[in-house]
Participant: 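I'd like to ask some things about the structure below.
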Amino acid sequence: GENVEQHPSTLSVQEGDSAVIKCTYSDSASNYFPWYKQELGKRPQLIIDIRSNVGEKKDQRIAVTLNKTAKHFSLHITETQPEDSAVYFCAASMGAGNMLTFGGGTRLMVKP
Amino acid sequence: GAVVSQHPSRVICKSGTSVKIECRSLDFQATTMFWYRQFPKKSLMLMATSNEGSKATYEQGVEKDKFLINHASLTLSTLTVTSAHPEDSSFYICSARWGSDNEQFFGPGTRLTVL
């Protein structure tokens, strides 16, 4: 089955700096890669996703890049703010409606 | 986005009892619902996939007789933890989607504590 590795497990940045979280996946058939933000005790919230026919996608301060050949994808957050502090999960699946395999999560702390 | 609710949000029960958790799609018909389990400071692990009107598909290592899943309608799926034990204490989250290639929407989760 699919295996998703996520790094780093914790990331501390200064407000205004950029944060990068990286994930690798094992199944070349995976074609949908969402990123979720989860605050303590809350549900995961989709913040951005990318499909395998696209190499990069951007939404304001958030961007995701995908390298299908290397089977890795990354989340980039620019101009970080304290409210960006949360746990971020990457995931992979064979289609948006299919089961998601999650990475281990990254706890992002943005210091004011 | 679409709204998914879960009930209860928090439950404490004694060891040996059964607990039922409901997952509802409030403004769309969910052809598929997924049940995940999340331990503290850990990732979400898929337990089972539930399609309306058919038996759930369980992931390897998940006991189907212990975690009973029913998806009787297009807006409701239930997870029953039977004969709960302290090691079943966890955060259980459902997600729901319609169609075959649409985004999943997550419920708010249910925190189960078994004493």
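On a predicted model such as this, the values are computed, not experimentally measured, just so you know. Residue numbers start from 1 in every chain, and the chains themselves are labelled A, B, ... in the order their sequence lines are given, proteins ahead of strands.
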Participant: Taking all non-hydrogen atoms of both residues into account, name the closest pair between Q104(B) and N98(A) and its distance.
Facilitator: NE2-O, 2.7 Å
Participant: If you count every heavy atom of other residues, nucleotides or ligands that lies below 6.0 Å from H85(B) atom NE2, does the total exceed 12?
Facilitator: yes
Participant: Decide whether V87(A) and F102(A) are clustered together by the hydrophobic rule: side chain heavy atoms of Ile, Leu, Val, Met, Phe, Trp, Tyr closer than 4.5 Å, transitively.
Facilitator: yes
Participant: Could you state the interatomic distance from CG (L46(B)) to OG1 (T101(A)), rounded to the nearest 0.5 Å?
Facilitator: 7.5 Å
Participant: With clusters defined by side-chain heavy atoms of hydrophobic residues (ILVMFWY) lying less than 4.5 Å apart, directly or transitively, does L112(B) cluster with W35(B)?
Facilitator: yes
Participant: If we only count heavy atoms from C-beta on, is the L100(A) to Y36(B) side-chain gap below 4.5 Å?
Facilitator: yes
Participant: Is there a donor-acceptor pair closer than 3.5 Å between any side-chain N or O of S43(B) and the backbone N or O of G103(A)?
Facilitator: yes
Participant: Please confirm whether the backbone N or O of F106(B) pairs with a side-chain atom of Q45(A), one donor and one acceptor, at under 3.5 Å?
Facilitator: no
Participant: Below 4.5 Å from any heavy atom of chain A, which atoms of E59(B) appear? Answer side chain, backbone, both or neither.
Facilitator: side chain
Participant: Find the one option among G1(A), G104(A), A91(A) whose heavy-atom pairs under 4.5 Å with chain B are most numerous.
Facilitator: G104(A)
Participant: Just checking L115(B): does its CG atom have more than 12 heavy atoms from other residues, nucleotides or ligands closer to it than 6.0 angstrom?
Facilitator: yes
Participant: Quick one: CG on L46(A) to CD on E103(B), what's the gap to the nearest 0.5 Å?
Facilitator: 4.5 Å
Participant: Do F33(A) and V54(A) belong together in a cluster built from hydrophobic side chains that touch within less than 4.5 Å?
Facilitator: yes
Participant: Return all side-chain donor-acceptor pairs below 3.5 angstrom for residues 59-68 of chain A, not counting sequence neighbours, or 'none' if the list is empty.
Facilitator:
from: R61(A); atom 1: NH1; to: T78(A); atom 2: O; distance (Å): 3.0
from: R61(A); atom 1: NH1; to: E79(A); atom 2: O; distance (Å): 3.2
from: R61(A); atom 1: NH1; to: D84(A); atom 2: OD2; distance (Å): 2.9
from: R61(A); atom 1: NH2; to: D84(A); atom 2: OD1; distance (Å): 3.0
from: R61(A); atom 1: NH2; to: D84(A); atom 2: OD2; distance (Å): 3.3
from: N67(A); atom 1: OD1; to: T69(A); atom 2: N; distance (Å): 3.1
from: N67(A); atom 1: OD1; to: A70(A); atom 2: N; distance (Å): 2.8

Participant: Which atoms form the tightest heavy-atom contact between L44(B) and F89(A), and what is the distance?
Facilitator: CD1-CE1, 4.1 Å
Participant: Establish whether M47(B) and Y58(B) are linked, either directly or via other cluster members, by ILVMFWY side-chain heavy-atom contacts under 4.5 Å.
Facilitator: yes
Participant: Is it the backbone or the side chain of Q38(B) that comes under 4.5 Å from a heavy atom of chain A, or both, or neither?
Facilitator: side chain
Participant: Of all the heavy-atom pairs spanning V4(B) and R43(A), show the shortest one and how long it is.
Facilitator: O-NH1, 3.1 Å
Participant: Non-hydrogen atoms of chain A under 4.5 Å away: do they reach the side chain of I93(B), the backbone, both or neither?
Facilitator: side chain
Participant: Just checking K66(B): does its NZ atom have more than 12 heavy atoms from other residues, nucleotides or ligands closer to it than 6.0 angstrom?
Facilitator: yes
